[in-house]
Amino acid sequence: MTNQPQFGIAMYGVPGTTNAIEATTNLAPAAWYELERLFVSDRLMVLSGLVTNAPQQFFRTKQVWP
């Protein structure tokens, strides 16, 4: 059994909005997929305990509501 490395992301957002966390393993061309949506409760949020088994992975957040 192989342990997957855990990591975290610091996300800045507008409190009271909802953001999508998206990921891709290739930036050329990027095919982003949504991991989850989060309600932003503070300007800075730390998402921890994320795991991946890809050799490289890129993440982004974007406001989806309102």
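Hydrophobic cluster of Val51: no remaining members, since no ILVMFWY side chain lies below 4.5 Å from it.
Between the side chain of Thr24 and the backbone N or O of Ala31, at least one donor-acceptor pair lies under 3.5 Å.
Side-chain contact between Val14 and Val40 is absent, with no heavy-atom pair separated by less than 4.5 Å. Put simply, the side chain of Trp32 reaches to within 4.5 Å of the side chain of Arg60, judged on heavy atoms.
Contacts of Val46 classified as side-chain contact (heavy atoms from CB on, under 4.5 Å), with partners at least two apart in sequence or in another chain: none. Residues that satisfy the side-chain contact (heavy atoms from CB on, under 4.5 Å) test with Pro66, not counting sequence neighbours, are Thr17, Gln63. Qualifying side-chain contact (heavy atoms from CB on, under 4.5 Å) partners for Leu38, counting only residues two or more places apart in sequence or in other chains: Ile21, Glu36, Leu47. For Thr52, the side-chain hydrogen bond (donor to acceptor under 3.5 Å, both in side chains) partners are Gln57, not counting sequence neighbours.
Remark: Asn19 CG to Tyr12 OH distance equals 14.0 Å, nearest 0.5 Å.
For residues 38-66, every residue pair satisfying the ring-ring contact (aromatic ring centres under 6.0 Å, His included) rule, not counting sequence neighbours, is listed here: Phe7-Phe59. The stretch residues 25-34 participates, sequence neighbours left out, in these salt bridge (charged side-chain N to carboxylate O under 4.0 Å, His left out) pairs: Glu34-Arg37.
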